[in-house]
Amino acid sequence: MGEKVVQVRHVFVEGYVQGVGYRAFVCRWAQRLGVSGWVRNRTNGEVEAWVRGTADALDALMAEMRLGPSGSEIARLRIVEGDGNGEKPTGAFVIRKTI
């Protein structure tokens, strides 16, 4: 039985992750797992995500994010756990505009 406490993780994904459907892949998995938050491309070539959910759901999402969709090559996930830097939970998971 997993921990049910809600956690927040801020994730930066490095590698070949743009132009391969990575954001849509993360969005689909987050929705399946009941995780809220967002994902977006960054102009430096990374993908950034802010995710909120149970430890079990977030661990499962991190595992999928390490695999990525077909055509992606994940070099590294940098994960910061914390309070979400002022993000307000919405209960949904969305794809945001590139920054």
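Using bins of under 30°, 30° to 60° and over 60° for the plane-to-plane angle, the ring pair Trp38/His10 lands in the perpendicular bin.
For the pair Ser36 and Phe93, the minimum side-chain heavy-atom distance is 4.5 Å or more. Using a 4.5 Å heavy-atom cutoff, the side chains of Arg78 and Glu14 are in contact. Between Arg9 and Asp59 there is a side-chain heavy-atom pair separated by less than 4.5 Å. Looking only at side-chain heavy atoms (C-beta outward), Phe12 and Arg76 stay at 4.5 Å or farther from each other.
Minimum interatomic distance between Pro69 and Ser72 (heavy atoms only, all atoms of both residues): O-OG, 2.7 Å.
Note that the CD1 atom of Ile74 and the CG atom of Leu67 stand 8.5 Å from one another [nearest 0.5 Å]. Here the CZ atom belonging to Arg23 is positioned 5.0 Å from the OG1 atom belonging to Thr98, to the nearest 0.5 angstrom. Note that the CD1 atom of Ile99 and the CG atom of Asn44 stand 8.5 Å from one another [nearest 0.5 Å].
Both Val13 and Val20 are assigned to one and the same hydrophobic cluster, defined by single-linkage of ILVMFWY side chains at heavy-atom distances under 4.5 Å. If you chain together hydrophobic residues whose side chains sit under 4.5 Å apart, Val80 and Met65 never meet in one group. Clustering ILVMFWY residues whenever any of their side-chain heavy atoms sit less than 4.5 angstrom apart, transitively, puts Met62 in the very cluster that holds Val47. When hydrophobic clusters are built by joining Ile, Leu, Val, Met, Phe, Trp and Tyr residues whose side-chain heavy atoms come closer than 4.5 Å, directly or via intermediates, Val26 is grouped together with Val35. Val51 and Phe25 fall within the same hydrophobic cluster, where Ile, Leu, Val, Met, Phe, Trp and Tyr residues are linked whenever their side-chain heavy atoms come under 4.5 Å apart, directly or through other members.
Ion pair Glu48/Arg96 not flagged as a salt bridge, since none of the NZ, NE, NH1 or NH2 atoms sits closer than 4.0 Å to an Asp/Glu carboxylate oxygen.
Side-chain atoms of Tyr22 never come within 3.5 Å of backbone atoms of Tyr16 as a donor-acceptor pair (strictly under, hydrogens ignored). In this structure, Gln18 contributes its side chain and Glu46 its backbone to a donor-acceptor pair below 3.5 Å.
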